[in-house]
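If you're wondering where the values come from, they're calculated on a predicted model, not measured in any experiment.
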Amino acid sequence: MVKNMLFPLAVFLSMPALSATAQVVVSTPVVTVEQVYKPVSLRDPLIPSAVYGDSKGSGKPAAVQAQTAASTFTVYGLALTGIMEDSSGRQALLRDIATGSLYTLRGARLFDSKKKAVPGVSGVVKGSQVVLMTEDKKIHQLSLREKE
């Protein structure tokens, strides 16, 4: 019985010693965030999606929609979405109720979603309100709605 117990011990002692300085070789390169996350589209998350299942929203090309939006633009169709403040100053986010287009009031100028200045419109952010003025001196005041 003692011989049977010594056999596994003899096998263990006769095995070659494992090296503590074994080198590990990695064959795959390190992956960066840009390589892992490649968004399919760079859609603005504040604009509601017009794609449902296999169908798309309006069948008009983007250029036609942009011309239509530019021709029907009015400051009276804007709604104040939010006000932000950072090191460059206060900014207001505005949404066109009819088309859903986003605008930013920054530095007394109104910019569209492509960061182009809207001609003839200027404004200022005062507290939780925005005052917009057109080139024909008409004034439109918007207030941020209070949460109920």
Do the side chains of [X] and [Y] join up, straight or via other hydrophobic residues, at under 4.5 Å, putting them in one cluster?
X: L80; Y: F111; answer: no
X: M133; Y: L110; answer: no
X: I139; Y: L142; answer: no

Atom [atom1] in [X], atom [atom2] in [Y]: separation rounded to 0.5 Å?
X: K115; Y: R109; atom1: NZ; atom2: CZ; result: 15.5 Å
X: S143; Y: K126; atom1: OG; atom2: NZ; result: 12.0 Å
X: M84; Y: Q91; atom1: CE; atom2: CD; result: 4.5 Å
X: T81; Y: L94; atom1: OG1; atom2: CG; result: 6.5 Å

Look at the side chain of Q35 and the backbone N and O of T32, then say whether any donor-acceptor pair between them is shorter than 3.5 Å. yes
Counterpart residues, salt bridge (Lys or Arg N to Asp or Glu O under 4.0 Å), relative to E85 (two or more places apart): R90
Qualifying residue for side chain to side chain contact (heavy atoms under 4.5 Å, CB included) with L105, from V125, I83, L78, V121: V125
Keeping to residues at least two apart or across chains, list the ring pair (Phe, Tyr, Trp, His ring centres under 6.0 Å) pairs with something in residues 118-140. Y76-H140
If I compare all heavy atoms of D96 with all of G77, which pair ends up nearest, and what's the gap? OD1-O, 3.3 Å
